2 protein chains.
Amino acid sequence: MSVNLREHIEKIVPLTDDEFAFVLSHFTSKKLKKHQFLIQEGDTVDHSWFVVSGLIKASHTDESDKEHILQFAMEDWWVSDYQAYHYKTPATLSLSCLEDTEVLCLSLENSEKLCSELQKAEHFFRRKANFGYVALQQRILSLLTTSAKERYEQMLKQYPSLFQRVPKTLLASYLGVTRETLSRLSS
Amino acid sequence: MSVNLREHIEKIVPLTDDEFAFVLSHFTSKKLKKHQFLIQEGDTVDHSWFVVSGLIKASHTDESDKEHILQFAMEDWWVSDYQAYHYKTPATLSLSCLEDTEVLCLSLENSEKLCSELQKAEHFFRRKANFGYVALQQRILSLLTTSAKERYEQMLKQYPSLFQRVPKTLLASYLGVTRETLSRLSS
DNA sequence: AGAAGCATTTGACCTACATCACAAATATAC
DNA sequence: GTATATTTGTGATGTAGGTCAAATGCTTCT
């Protein structure tokens, strides 16, 4: 459903029906089943995705086969391997679906076209990027300043729904601890 | 010197002389001595700064008085408390000069005006924000996946000049370890 | 419904890094 | 140029969280 996208954008810039139709014409839609991949490490990444429904994890697997989760993307979130996307390098992240998921796909080419054709779009994406930057700074600060336990409690407060939808193992690897440690923390 | 700024912008969008003059008219300039603050925690933040020369540290001090460094900003870097800046909340960071420093100041108001008047400016800031986002993601991944020693070596490779300019105590608090640990790592 | 595969908990032990304390070496200021 | 502060190094000891291993619960698939 593109209603989500429209509401999402209009939180930042109001659009006329025509403008939204124009924006939407730059997207395609895609449905994925649980366990399917949007990208795998090494892939070329020329899309960014807006999650309409479902849940995606963005993760990197290190040399010793440990998975580190950079982001969970649920309804109304954007996700991609933005390094690979912006710099046109091979993906170092993999994106996989933790639930059946529907996304709207925006290619880099269409994104640039859209931004140059409609300043409101460029404005929207600038703001999104600014807010995203702030959110990541917060996460860095929280990794630097707080213990695993505090981060766990913080997350529990901020995204309670994740605890229903995601196995603890994955939450642990988002928080930067092992599943054993997380298990001991929650008791 | 505004030459720095022009070259910096033109890495992303070419500008005519008139356009650059227009851009520059939105900035003011400011010189600070070592140890002066650009902002302190609690302040209102309505500017973002482009460092022409010198060196600034952006840091947060936690309840137990430990300082955590989020960013060093040297020549050609942008710095602010972007959370406070974009969300108009009181600063949670303080920005202070580690050397005599010259900055170009862009108020939020002028920034928005500039972006709406000149699409090239909006495009520039969108790209900067995108690249900044990617850089922070990398830092998060490095905090999640690597040991203090690896982070130290990585930093040594990426920003060798910092090691001349900044006391080790501060590097340690950027890397997320104590100065004692850093000292032991480097031997 | 039963088998096969995940997810979670708990225990014993280990390691990277923190903390505290003090000494030596450099800066900075009067 | 001596005094005061700041920075750095090193030792002894503490602790959060990691690793490995085994037991028990849950899903999911046929």
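Keep in mind that this is a model prediction, so the values were computed, not measured. In what follows, chains carry the letters A, B, and so on, assigned in the order in which the sequence lines appear, proteins first and then strands, with residues in each chain numbered from 1.
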Report task. Round to the nearest Å and state the distance from Asp65(A) atom CG to dC20(D) atom P. Result -> 13 Å

Query raised in the report: Should the pair Phe125(A) and Trp78(A) be assigned to parallel (<30°), tilted (30 to 60°) or perpendicular (>60°) ring geometry?
Result: perpendicular

Report task. Using heavy atoms to find the nearest nucleotide of DNA chain C for Thr146(B) and Lys168(A) separately, return the residue whose nucleotide is more 5′. Result -> Lys168(A)

Requested in this report: Would you indicate, yes or no, if dA18(C) has its OP1 or OP2 atom less than 4.0 angstrom from a side-chain nitrogen or oxygen of Thr178(B)?
Outcome: yes

Query - OP1 or OP2 of dG17(D) under 4.0 Å from side-chain N/O of Thr181(A) - result: no

Query - dA18(C) phosphate, OP1 or OP2, under 4.0 Å from Lys66(B) side-chain N/O - result: no

Report task. Nearest whole angstrom, please: distance from the P of dC17(C) to the CG of Leu182(B). Result -> 11 Å

Query raised in the report: CD of Gln164(B) versus P of dT8(D): gap in Å, rounded?
Result: 12 Å

**Report entry** Rounded distance in Å - CG (Asp100(B)) to P (dT28(C))
**Finding:** 12 Å

**Report entry** Donor-acceptor side-chain pairing of Glu122(A) and Gln119(B) below 3.5 angstrom
**Finding:** yes

Query raised in the report: Rounded to the nearest Å, what distance is computed from the CG atom of residue Asp62(B) to the P atom of nucleotide dA18(C)?
Result: 13 Å

Requested in this report: State whether Lys34(B) places a side-chain N or O below 4.0 Å from either non-bridging phosphate oxygen (OP1 or OP2) of dT28(C).
Outcome: yes

Query - Whole-Å gap separating P (dA7(C)) and CZ (Phe163(A)) - result: 16 Å

Requested in this report: May I have the distance from Lys149(A) (atom NZ) to dT15(D) (atom P), rounded to whole angstrom?
Outcome: 16 Å

Query - Integer-rounded Å distance: dG17(D) P and Leu143(A) CG - result: 12 Å

Requested in this report: Go through the side-chain N and O atoms of Glu150(B) and Ser147(B) and say whether any donor and acceptor fall under 3.5 Å apart.
Outcome: yes

Report task. Taking atom CD of Glu109(B) as the centre, report whether more than 12 heavy atoms of other residues, nucleotides or ligands fall under 6.0 Å from it. Result -> no

Between the protein and nucleotides 20-26 of chain C, list every N/O to N/O distance that falls short of 3.5 Å.
{"residue": "dC20(C)", "atom": "N4", "partner": "Glu180(B)", "partner atom": "OE2", "Å": "3.3"}

Query raised in the report: Atom CG of Asp81(A) and atom CG of Leu93(A): how far apart are they, to the nearest 0.5 Å?
Result: 4.0 Å

Query raised in the report: Can you pull the side-chain hydrogen bond (donor to acceptor under 3.5 Å, both in side chains) pairs that have at least one residue in residues 64-77 of chain B, sequence neighbours excluded?
Result: Lys57(B)-Glu67(B), Ser59(B)-Glu67(B), Asp62(B)-Ser64(B), Asp62(B)-His68(B), Glu75(B)-Arg165(B)

Query raised in the report: Tell me the ring pair (Phe, Tyr, Trp, His ring centres under 6.0 Å) pairs involving residues 132-153 of chain B, sequence neighbours left out?
Result: Tyr82(A)-Tyr133(B), Tyr152(B)-Phe163(B)

